[in-house]
Amino acid sequence: MLNNLSFPVGLDVEWVYADRVSIPNSYLKNWLLDTGSLTERLQSMSRHFALQKLGQAEQMLHKCEREWLSKEEVSRWYVREVVLFGDQQPWVFARSVIPHQLVEGELANIGSQPLGKIIFNDQRFTRSKFQLCKIDSHQLTSLCAAQQHRTLWGRRSKFTFNDVNMLVAEVFLPQAPAYLTGNTDAC
Ligand SMILES: C=C(O[C@@H]1C=C(C(=O)O)C=C[C@H]1O)C(=O)O
């Protein structure tokens, strides 16, 4: 687990639709555009999977989040941030923006269970196309050690449930298996 992390960590970055991004290798592309549960894929690649919830509370949204949710009739938004671990290594930082209707409804009491456990087992949740981000690990200093300096890739999508939308953003941290093949810095 990671200690001394303040909530929210935040992820105020630039997002671009995946079909407008040059991804350096097919292995990373497969991870970024995988439409299945990321939790399940990480569980299949580790002997021990863990989720550390950094926090979940009503928060102000980033501009990059408000812009994608602009037409929503939602009065209160919750931000949920977690880190997903495989065999004690931090692999993914996830930040989700969830309307109060879902926090008080389908996602009530989710706690430290993975969101995917509910989302991918209820066909009423539909997923949008992916947007991608490419950031420097220095933008997530609380999650990345200085010696792990590298380009990090992330993805986000919009899940819709009965006309209510939520955003799920995931950044692959330096030790994530998504970087095991190909040099993502050469781009
Ligand atoms: C959406 C999924 O849920 C995962 C778990 C999350 C959470 O519990 O906050 C957030 C994003 C995902 O990494 C998934 O498994 O694909």
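Note that the structure is a prediction, hence the values are computed from the model and not measured. Read the numbers this way: they start at 1 and go in the same order the structure lists the ligands and their atoms. For the single chain, residues carry numbers from 1 onward in sequence order.
Contact check for Leu143 versus Pro90: no side-chain heavy atoms found under the 4.5 Å cut-off. Asn165 places none of its side-chain heavy atoms less than 4.5 Å from the side chain of Trp68. Looking at Leu42 and Pro177, their side chains come closer than 4.5 Å, going by heavy atoms from C-beta outward.
If you look at Thr39 next to ligand 1, the close heavy atoms, those under 4.0 Å, come from the backbone and the side chain alike. Counting heavy atoms under 4.0 Å from ligand 1, residue Leu84 touches it through the side chain alone. Contact annotation: for Glu81 versus ligand 1, there are no heavy atoms closer than 4.0 Å. Residue contacts with ligand 1, taken as heavy atom pairs separated by less than 4.0 Å, involve Leu51 solely via side-chain atoms from C-beta onward.
In this structure, Lys158 places its NZ atom where more than 12 heavy-atom neighbours from other residues, nucleotides or ligands lie under 6.0 Å away. Residue Asp122 qualifies as enclosed at atom CG: its count of foreign heavy atoms under 6.0 Å is above 12. Annotation for Lys53: atom NZ counts as buried by contact number, over 12 foreign heavy atoms lying within 6.0 Å. Environment of CE in Met60: sparse, with no more than 12 heavy atoms of neighbouring residues, nucleotides or ligands closer than 6.0 Å. With a 6.0 Å radius and a threshold of 12 heavy atoms from other residues, nucleotides or ligands, Gln88 has its CD atom above the threshold.
The closest heavy-atom contact to atom 10 (C) of ligand 1, among the options Ala94, Gly116, Ser112, comes from Ala94.
Val92 does not count as a contact of ligand 1, since none of its heavy atoms falls under 4.0 Å from the ligand. The closest approach between Phe120 and ligand 1 falls below 4.0 Å for a heavy atom of the residue. In this structure, Glu40 has no heavy atom closer than 4.0 Å to ligand 1.
Remark: side-chain polar atoms of His138 are not paired, donor with acceptor, to backbone N or O of His149 under 3.5 angstrom.
Listed by atom number, the atoms of ligand 1 under 4.0 Å from Pro114 heavy atoms are 8 (O).
In terms of N/O distances under 3.5 Å, ligand 1 is approached by Ser37. Checked by distance only, ligand 1 and Leu115 come closer than 3.5 Å through their nitrogen or oxygen atoms. Looking at Arg80 next to ligand 1, an N or O pair under 3.5 Å apart turns up. For ligand 1, the polar-atom distance check against Leu38 finds a nitrogen or oxygen pair separated by under 3.5 Å.
In terms of protein heavy atoms, atom 13 (O) of ligand 1 is closest to Glu170 OE2, 2.9 Å.
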